[in-house]
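Since the structure comes first, as structure tokens, the remarks are kept for the end.
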Amino acid sequence: MILLKSAAEIAEMEKASRIVAEILAEVKTFIRPGVETRELDEVAEAGCRKRKVEPAFKGYRGYPASLCIAVNEEVVHGIPGPRKLKAGDIVSLDFGVRYNGFYGDAAVTVPVEEINPQAQLLLKATEESLYAAIDAMRVGARLSDLSHATQTAVERYGFSVIRQFVGHGIGRSLHEDPQIPNFGPPGRGPVLKAGMTFAIEPMTSAGSWQVKILPDGWTAVTQDGSLAAHFEHTVALTDKGVLILSRL
Ligand code: MF3
Ligand code: CO
């Protein structure tokens with residue numbers, strides 16, 4: 001069941017999502033060669049303490065950190081640790097908080113100094129595909145119109161959409177209905193209504209879409225070792241259009 005939110009509830013979700021965006025922006029300022037991914041997790045933790053918000057992922061199904069950090073061929077759910085970033089890496093930061101009973105969730109993929117042209121293009125294509133899905137989100141559209149818009153935007157560049165993970169409804173729970181695949185034909189699934197709140201999160205690969213999970217039980221990597229990227233926004237559909245809640 002897709003839970004519709006009132007304007008007041010969307011306003012609360014906007015506060016949670018803004019905090020996510022602020023903390024992600026703080027973490028980004030620490031991205032440089034030599035930084036350990038666990039130091040970035042500490043920055044996110046400190047950001048939560050300062051604002052008295054709860055990190056959404058820590059303890060979720062046993063996930064051990066606040067931030068998910070996925071480097072290069074890692075797609076999502078990488079666990080922060082002693083790994084040091086290097087120039088030329090691409091780093092996905094996925095973060096969520098709970099504030100006043102509501103969740104916000106967002107992700108960005110950022111370069112460490114200079115990255116190669118293919119990596120640059122992958123970041124561009126993935127972010128564009130997120131906005132293509134957001135553009136497709138209007139009252140009366142069908143859910144899979146978003147999925148189709150994402151897939152089309154990514155494949156236009158010759159890249160692939162990861163199929164094993166999906167976006168999701170969000171609100172008083174981190175994951176609500178519906179699941180939002182990033183691929184598929186348009187015109188299917190529920191009709192979109194004002195009050196729907198989604199975390200839209202395209203995950204892409206420069207090679208093929210197959211992933212495997214590392215022995216840590218969390219980190220998803222591309223099977224062919226190709227680069228992967230991830231962008232995510234928490235958004236709300238209203239009668240006046242889409243609000244991107246997790247944008248500064
Ligand atoms: N953005 C991801 C999601 O919504 C992050 C969840 S990671 C987990 O599914 F650790 F919480 F599982
Ligand atoms: Co999410």
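One-based numbering, in listed order, for ligands and for the atoms of each.
Between T222 and Q210 there is no side-chain heavy-atom pair separated by less than 4.5 Å.
Around the Co ion (ligand 2), the protein contributes the following N, O or S atoms at distances under 2.8 Å: D105 OD2, H168 NE2, E201 OE2, E232 OE2.
Partners of K84 according to the side-chain contact (heavy atoms from CB on, under 4.5 Å) rule, which considers only residues two or more places apart in sequence or in another chain, are E36. Under the rule for a side-chain contact (heavy atoms from CB on, under 4.5 Å), the partners of D177 that lie at least two apart in sequence or sit in another chain are I2.
In summary, the side chains of T126 and T204 do present a donor paired with an acceptor at a separation below 3.5 Å, with no hydrogens or angles considered. Side chains of T219 and E74: no donor on one and acceptor on the other come within 3.5 Å. Between S208 and D224, the side chains place a donor N or O and an acceptor N or O closer than 3.5 Å (distance only, hydrogens not considered).
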Going through the checks in order, is the side-chain contact (heavy atoms from CB on, under 4.5 Å) test met by E176 and M196? CA-CA 11 Å; E176 296 184 351; M196 290 186 177; over 6 Å; no
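A distance limit of 4.0 angstrom between heavy atoms and ligand 1 selects the residues F57, Y60, Y63, C68, H77, D94, D105, H168, H175, E201, W218, E232.
With a 6.0 Å radius and a threshold of 12 heavy atoms from other residues, nucleotides or ligands, R51 has its CZ atom above the threshold.
To the nearest 0.5 Å, atoms CD1 (I200) and NE2 (H168) are separated by 10.0 Å.
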